[in-house]
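Notes for the one structure printed next.
Numbered from 1 within each chain, the chains take letters A, B, ... in sequence-line order.
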Amino acid sequence: MSERIDVLKTYKTYVGGKFPRSESGRTYKVYDADKNLLANACQCSRKDFRAAVRVARSAVKGWSSRSAYNRGQILYRIAEMMEDRREQFVRELSRAGSTTQQAEAEVNAAIDRLIYYTGWTDKYQQVFGSVNPVASSHFNFSLLEPTGVVSIFAPEESPLLGLVSVISPVIAGGNTCVVLASGNQPLPAITFAEVLNSSDVPGGVVNILTGYREELAEHFSSHMDVNALFYTDTLTKETEKLIDEHAARNIKRVIKRPIDDWYSEEAQHPYLLTDFQETKTTWHPVGY
Amino acid sequence: MSEATETKDIYKPTSPNSKLDFASVWEYASAPQDASFAEVKDRYELFINGEFIEPSKGRYFKSLNPATEEEIADIAEATQEDVDNAVKAARKAFEGEWSSISGKERAKYLYRIARMIQERSRELAVLETMDGGKPIRESRDVDIPLVAAHFFYYAGWADKLEYAFPGRTPEPIGVCGQIIPWNFPLLMLAWKIAPALACGNTVVLKPAETTSLTAMKFAEIVRDAGLPAGVINIVTGAGQTGAEIVNHKDIDKIAFTGSTNVGKIIRKAVAGTDKRYTLELGGKGALVIFDDAPIDQAVEGIINAIYFNQGHVCCAGSRLMVQEGVADKVIRKLKDRLETLIVGDPLDKNTDVGAINSQQQYETVNKYLEVGVEEGADIYQSKCSIPEQGFFIRPTLFTNVAQSNRIVQEEIFGPVLTVQTFRTADEAIQKANNTPYGLASGVWTDKGSKIFKMGSSMRSGVVWANTYNKFDPTSPFGGYKESGVGREGGMHGLAAYTKI
């Protein structure tokens, strides 16, 4: 009797709740720590990014108008589904070079991070909004509203925890996003997409692409229908300058929060959520 | 009500349906504000390190009264060396005396400034009007009182900052370069300087080149208040001086209020640096009037939204969207009201609409009037007389405009309103949000729930309901989209001047 042949998984992208390949047909090879081929990942193009922005934009209205409680429940659901598939994530991270212990710690922290932001969904408005005592007869209040569509460069290291840490505060606040996964270790991100796809997260809220940061930096920062760009790795001086210059075209908010240690306090706090909020102040008349 | 019955009542001022007609019933006597007590020097120097000093290159430019085109004073032009000296003074103060002063004591300096502004408020109002062309009624009743209130409000934050940033210990940023526009000269100065100082920073501020006078008066107040040298430095000049500030290596933060175009240039200039920035840019505010709105109140609101300060307001409500059922009535009432606006001498207490701030802006607005006509819109202007001397433009509205017209999409920054109609709330929202801007919008309706729903649907940093162009130091202000980054005013305004 012959030995059973494993069924290998094809890793694609995650856009609009579906798993398409790159329109460009291009792929790049992803290796494990011992230089064995793990997969051919999609090398996404400008067109892939544009298509992802389009679905992210169309998802803004629905997602941002979900109740805070509902968004919290959905974030919690993501954590539940991850917990259920923790062995798979541990295996995935181990293959990419982590020890089992490291991989377990990373998966635990990623799940806990989702729980952390679950709690913020219905609290940040209370902590960071305000009622303002103006001198005229108006009820004046400031609320936070999501900035809109956010493009994100997920960190190169901590391919799961880093990814979850940059996506969670953005979507907890009602934004939608297009994320470029870690270039060298993109596979956990695509497995995470499978979790998202079975967690009541509406299609288009989180879109995950794989490919080269250098190639896509220009498009992530220049697209006129993207409201903000978020990154946590230190990029080259030239790339950071290029990003800022392109962002100037539509006064895109560029949020650069250098984070090295994804287990530190700097890696989770509500200011990462409010970075992607706009303050709206309303003057409501008071009188008979 | 039909047109016929309304016409019958037209000249009965007591009838609720009458056309507004003040002039033929009685005439306004002129009511000039006494300007003689406001001391104006022939020449103003730079305010650096607590002293008034001559500019290093010895160059001066003229500041004009836009209502008379007469020269008021010579203003020093700060060049690279002067800006550098100002930054050095600000750095020295930041690292020295200012940082050793507790929040409690910083607060008292700011309270002092607030009080001194109140004491000299009429003088400041007169100067603001002479230098910038805005009606004395506005500088006296709006600008200067808000300036004092702003300092008074932020003074109290200086020793309470940790309550504004839960879980964090806020730190000052350092030396802030601040560049302000000419539409609310002293008020924009207050918006910049008060929170910066409350948070423990030092500043180098550049007023707009057409409106430097009140900033220099403010410098005298700073000196009188005994602030440590170098905490506030004021350098006058035009765009080149601004560029020296933006590009200076030892400035930690740029705060700019002005046009979106210049904002983008500044954003590019700080690209790839660690300089922080907040930008308060242009707007194209939408005014949405539903058919259940109190119409007369709405008409007053529109007038205040677009003709306040000659329309030189970044958050001006320059696009009217009126629900079809009441469109004819609103437009008729609006045109009637337009005729009653008194355009002329800004120093006359009766004046509603003063002078356009500068010849350059006068030409810009006139260009847009031509563009509007060329685009096929119907122009309506007040038939009022305007002075022969000075830069005056009749209050104007355009009907029959398309969403894609330049006069609908681009900021004119003058007394020019466009009028569109809509049938459903969704259509109004779509039109309101259909520009690159997102600074402010207004909604008029009798229904509170509609205000909340509309308010949350309009993508702008400020929403005024049944009112417009209201400001308060406690109320955060700032834009979505291309109208800017960051907030000024209120607790949220502190974030622009702290590291957290």
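Your options are S130(A), P133(A), S142(A), and the one with the most heavy-atom pairs under 4.5 Å with chain B is P133(A). Between chain B and the options H246(A), K252(A), E266(A), the largest number of non-hydrogen pairs under 4.5 Å is found for E266(A). Taking chain A as the reference chain and counting heavy-atom pairs below 4.5 Å, the highest number among G478(B), G167(B), G438(B), G484(B) is found for G484(B). Listed options S456(B), G489(B), P473(B) were ranked by heavy-atom pairs under 4.5 angstrom with chain A; first place goes to S456(B). Contact count against chain A (heavy-atom pairs under 4.5 Å) is highest for S460(B) among A440(B), S460(B), G490(B), G486(B). Between chain B and the residues A248(A), S65(A), A135(A), S64(A), the largest count of heavy-atom pairs under 4.5 Å involves A248(A). Highest contact tally toward chain B, considering only I251(A), V127(A), I243(A), is held by I251(A) [criterion: heavy-atom pairs under 4.5 Å]. With respect to chain A, the highest number of heavy-atom pairs below 4.5 Å among R459(B), K470(B), M458(B), K268(B) belongs to K470(B).
S259(B) places a side-chain N or O within 3.5 Å of a backbone atom of V262(B) that can act as its donor or acceptor partner. Remark: the backbone N or O of V226(A) is paired with a side-chain donor or acceptor of N250(A) at under 3.5 angstrom. The backbone N or O of G16(A) lies less than 3.5 Å from a partner atom in the side chain of N207(A), making a donor-acceptor pair.
Aromatic pair F139(A)/F141(A): ring centres closer than 6.0 Å. You'll find the ring centres of W464(B) and Y468(B) inside the 6.0 Å limit. Here the two rings, on F153(A) and F230(A), have centers that are 6.0 Å apart or farther.
Contacts between K256(A) and chain B at a heavy-atom distance below 4.5 Å involve the side chain alone, from C-beta outward. Heavy atoms closer than 4.5 Å to chain A are found in the backbone of F471(B), but not in its side chain. Within the 4.5 angstrom heavy-atom criterion, no atom of N261(B) approaches chain A. With a threshold of 4.5 angstrom between heavy atoms, I265(B) does not approach chain A through any atom at all. Looking at N140(A), only its side chain comes within 4.5 Å of chain B, counting heavy atoms on both sides. P436(B) does not touch chain A: none of its heavy atoms, backbone or side chain, sits under 4.5 Å away.
Inspection of the Y437(B) and Q409(B) side chains reveals no N or O donor paired with an N or O acceptor under 3.5 Å. Checked by atom type, the side-chain pair S165(A)/R113(A) shows a donor-acceptor distance below 3.5 Å. Side-chain contact check for S475(B) and N132(A): no donor-acceptor pair (N or O, by modelled atom type) lies under 3.5 Å. A side-chain N or O of T474(B) and one of D472(B) form a donor-acceptor pair less than 3.5 Å apart.
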Run the side-chain donor-acceptor check on residues 492-500 of chain B: report pairs under 3.5 Å with partners two or more places apart or on a different chain.
{"residue": "H492(B)", "atom": "NE2", "partner": "F128(A)", "partner atom": "O", "Å": "2.8"}
{"residue": "Y497(B)", "atom": "OH", "partner": "Q178(B)", "partner atom": "NE2", "Å": "3.1"}
{"residue": "T498(B)", "atom": "OG1", "partner": "L494(B)", "partner atom": "O", "Å": "3.1"}

Applying side-chain contact (heavy atoms from CB on, under 4.5 Å) to V147(B) and F184(B), what does each step give before you reach the verdict?
CA-CA 10 Å; V147(B) 172; F184(B) 296 91; over 6 Å; no
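For residues 269-288 of chain A, heavy-atom neighbours of chain B at less than 4.5 Å comprise H269(A), Y271(A), E278(A), T279(A), K280(A), T281(A), T282(A), W283(A), H284(A), P285(A), sorted by residue number.
Here D292(B) does not pair with K447(B) in a salt bridge; the nearest charged N to carboxylate O distance is not below 4.0 Å.
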